[in-house]
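Written out below as structure tokens is the structure these notes cover.
Sequence lines set the chain letters: A, B, ... in the order given, protein chains first and strands last, and positions in each chain run from 1.
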Amino acid sequence: MALVLNEEQQLLKDSAVEFFKEYLPIDTIRQLRDHPDSEDSQNGYKKDVWQKMGEMGWPATIIPEEYGGLGFGFVGLGVVLEAGGRTLAPSPLLSSVALGASALLLAGSEEQKNQWLPQIASGEAIFTLALQEGPAHNPRLITTRAEIKGSDYVINGKKTFVSDGHIADQLVVAVRTDGDDNSRKGQSLLLVDTKQAGVSIKRSVMVDTRNMAEISFDNVTVPASALLGEQDNAFAVIEQIVDRGNIALAAEMLGSVQEAFEQTIEYLKTREQFGQPIGSFQALQHRAAQMFCEIEIGKSLVMSALNAVDAGGFDIPYMACSAKVHMCDTYRLVSNEGIQMHGGMGVTDELDIGLFIKRARVVMQMLGDENFHVQRYASLRGY
Amino acid sequence: MDYRYPPEAEAFRQQVRGWLEENLTDEVKGLDNRGDIEPDDLLILKGWNKKLAEERMVAISWPEEFGGRAAGVMDQVVLAEEMHRVGAPGPLNPIGLNNIAPSIMTYGTEEQKEQYLKPMLSGEHIWCQGFSEPEAGSDLASLRTRAVEDGDDFVINGQKVWNTLGHYADYCELLVRTDPDAPKHAGISCLLIDMKTPGIDVRPLTTMTGAKEFAEIFFEDVRVPKSALLGPLNQGWMVAMNTLSNERAGIANLHLGVRRKIAGLIDEAKSRVVDGKPLTENPVVRSRLAKAYMMGEMQKAVGDVSIAGAANGEPPGAESSIVKICWTEIEHLVAETSAAVLGADALTDRWGDNRLYTRATSIAGGTTQVNRNIVARRVLGLPKG
Ligand SMILES: Cc1cc2nc3c(=O)[nH]c(=O)nc-3n(C[C@H](O)[C@H](O)[C@H](O)COP(=O)(O)OP(=O)(O)OC[C@H]3O[C@@H](n4cnc5c(N)ncnc54)[C@H](O)[C@@H]3O)c2cc1C
């Protein structure tokens, strides 16, 4: 396992950094926010740029070559997401690839993989995971039911906070086919086309101007071939998908944290008070040094976690928890301190730092906050 | 499963494992090679050290001519892990081997290398580092211990303090002021001195755990030959910085010890029943332990990446400061978590000592504040006040 990027990965990273600077600079978020009636804003992402991302091969990173992918693995996806995190680039990359493609790779039949993975790889089809019900991540609690009628499944229920749910073509829906609302047993995954009769999607624009959707299923009927993996036994797969999602999210957070931190350091060097740069005050220097230490740990953890996924090791869930918890703590610290160290400027909309804190608050909640993952870690470690 | 090691390192692991199985006796196993060592144990440890040296397993990164194996960073990690796994004590001379020897290799004359390196390796000569003084701690460059040239000799007067192993030491790497008129960094020299030289008085200092870990050293008209000089005259600051940066080599492995403590604490918590339930089911204890566990793994991740960087040929950067800061915070956290798990039992014995001992981690080898200064100024480029 390589814990430093090889040449190919470094090239990928460099081209991603350039690409996001050019096509999805941080002002994109302001544009989407300030022109709510524009087509881009309605979509919550820029279709033309997403198409270009497809041409660059980024949705193809984790998909093996036999399914039209590039076989770059999670390290490849991670460096692109990290680069995107620097400009808070809105795109369905995480939903469609880290969650959607992972679901197919982990549980899909050969037929399902052949049908969908090439379309995800090219960016033509957008996938996402419809898992959460209610305000907090809790993968055991699935009340959305799928009843078996003949050779069909009939789905009824509601999902919340489905990232990019309003633009997705296909949903990977976690449903209950058996058991109590809260049991691990009896969960299944179904592929549902968003244009299917009975699916209604309500978009909610979050504080970070990105999109989450509330999706209701009213007697949505899908054939037996929509089943992804085994019926009643999806819980383990769902955890694996969510682990990959969290690792991808941690990579994005790492990019955002570095950008917010670098902007803050730049300000410490240029803003003067008492006749000297404020960065010469030791009270600020030590806090900056501490943040830097946390970021360095974050880099190591994210790199180890991405590598763990590619190596397929037993340690993926541990790494997912640690990376997510650490990046939540660090993003909170760096976004709060970023504002504090900018003084009054920090709370204005003129600076980007406010955009980072908004995204921070959303990603910290997504797929489980740090309390969730600390508790989960204890369970994983067998106590 | 451990997938980060190349096959050669795994082959070396098997070799080490086999040798340890054959040679590690019960008498030696688990002995502590640091701090306050009982005289009987010291004899046993010296014997063990000699055996390790004969097998070239003391400082494997050293060139072969000095008794090493010219081994890379992966083999060093493997050796540390294997020794740790079976409770084999390391060599006796951590400061000499890790910090001082590399400086002798860099700046020493052929005679100095010949004279000092082999006995250091075998454990025959214990070394200490005489840098800090009562008035020169974080501000090391303000040190005052004087060495005046007199014919073929230097004559030394002054005092050092906090010298780990000072009271066991046969030799000392000593920083002295040789030019009082030069700017403070430019008037320092480094000497290698025999601790039995007349005029040296060593007084052990007792730490709050009761251990005699370090000493103060007084110098009164101590006469040493000019050949004691390590590196050029008045360029001792450069040598000292080299010695301090050598501490880095050991830093990537710091996670081994702290992770062992965390595992021990979790076992304790599982076995303690409160209100009919194991303590691990108490939500507060549970999340504190999980957080500590994660931090231990984080320390490992940071170490692994810096090892990978070193194996890739990248020069060591500020990560030594970073890893050091992180490590001390984890040591502190684990120490305080032990109180949450063990209650009053964390006031006695091993865990009690640990709680006290770990307070020293953020002071020894450069305080946390000084390391933050280094990160802020040298890495982040923030201006001086
Ligand atoms: C267990 C142990 C083993 C040791 N072994 C050795 C050894 O073998 N050889 C040796 O030579 N020395 C040794 N030392 C000494 C060690 O290097 C010093 O204690 C350390 O460098 C701090 O110096 P000081 O104790 O004089 O504290 P001071 O420098 O007086 O510091 C006191 C406080 O002020 C803070 N401070 C000082 N300067 C600044 C600044 N610029 N900015 C912000 N805060 C500042 C420090 O962080 C600290 O909190 C050892 C120390 C310990 C605890």
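- Of all the listed residues (A:Arg381, A:Arg376, A:Glu294), the one sharing the greatest number of non-hydrogen pairs under 4.5 Å with chain B is A:Arg381.
- For B:Pro278, no part sits under 4.5 Å from any heavy atom of chain A, backbone or side chain.
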Item to complete: Please test A:Leu380 against B:Tyr293 for side chain to side chain contact (heavy atoms under 4.5 Å, CB included), starting from the C-alpha separation and ending with a verdict.
Response: CA-CA 11 Å; A:Leu380 287 169; B:Tyr293 201 138; over 6 Å; no

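- When heavy atoms are compared at a cutoff of 4.5 Å, B:Leu289 approaches chain A by way of both its backbone and its side chain.
- B:Leu382 and A:Leu268 get closest at one heavy-atom pair: CD2-CB, 3.9 Å.
- Residue A:Ser304 comes nearest to B:Ala301 through the heavy atom pair OG-CB, 3.9 Å, listed as atom of the first residue, atom of the second, then distance.
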Worksheet item: Between B:Lys291 and A:Asp329, is a side chain to side chain contact (heavy atoms under 4.5 Å, CB included) present by the stated rule, with each step listed?
Response: CA-CA 12 Å; B:Lys291 204 78 200 256; A:Asp329 286 347; 2.9 Å; yes

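- Contacts between A:Phe274 and chain B at a heavy-atom distance below 4.5 Å are absent for every atom of the residue.
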Worksheet item: Which is it for B:Ser287 and A:Gln375 under the side chain to side chain contact (heavy atoms under 4.5 Å, CB included) test, yes or no, and what are the steps along the way?
Response: CA-CA 6 Å; B:Ser287 51; A:Gln375 291 299 328; 3.5 Å; yes

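- If you measure heavy-atom distances from B:Asn371 to chain A, you find no contacts under 4.5 Å at all.
- Note that CG of B:Asp267 and OH of A:Tyr383 are 11.0 Å apart. Values are rounded to the nearest 0.5 Å.
- Residue contact with chain A, scored on non-hydrogen atoms closer than 4.5 Å, involves the backbone and the side chain of B:Gln369 alike.
- Between the side chain of A:Tyr318 and the backbone N or O of B:Met294, no donor-acceptor pair lies under 3.5 Å.
- Considering B:Val323, B:Val302, B:Ile322 as possible partners of A:Ile297, the one that fulfils the side chain to side chain contact (heavy atoms under 4.5 Å, CB included) test is B:Val302.
- Counting heavy-atom pairs closer than 4.5 Å to chain A, the top residue among B:Lys270, B:Arg377, B:Met295 is B:Arg377.
- With a 4.5 Å cut-off on non-hydrogen atoms, A:Gln282 touches chain B through its side chain but not through its backbone.
- Using a distance-only test at 3.5 Å, with no hydrogens or angles considered, no donor-acceptor pair links the side chain of A:His326 to the main chain of B:Met298.
- For a residue to count as touching a neighbouring chain, one of its non-hydrogen atoms must lie under 4.5 Å from one of that chain's; by this rule A:Phe281 does not touch chain B.
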Item to complete: Output, in order, the C-alpha distance, side-chain angles, deciding distance and verdict of side chain to side chain contact (heavy atoms under 4.5 Å, CB included) for B:Arg372 and A:Gln285.
Response: CA-CA 8 Å; B:Arg372 285 189 181 142; A:Gln285 288 187 347; over 6 Å; no

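- Of the N and O atoms on the side chains of B:Arg286 and A:Ser379, at least one donor lies less than 3.5 Å from an acceptor on the other residue.
- Chain B forms more heavy-atom pairs under 4.5 Å with one residue of A:Ala323, A:Gly298, A:Ala378, A:Gly382 than with any other, namely A:Ala378.
- The shortest non-hydrogen separation linking A:Gln290 to B:Ile325 is OE1-CG2, 3.7 Å.
- Other residues, nucleotides and ligands contribute over 12 non-hydrogen atoms within 6.0 Å of the CH2 atom of B:Trp351.
- Taking both residues in full, the closest heavy atoms of B:Pro383 and A:Lys269 are given as CD-CG, 4.5 Å, listed atom of the first, atom of the second, then distance.
- Interface residue A:Gln276: only side-chain heavy atoms are found under 4.5 Å from chain B.
- Annotation for B:Arg378: atom CZ does not count as buried by contact number, only 12 or fewer foreign heavy atoms lying within 6.0 Å.
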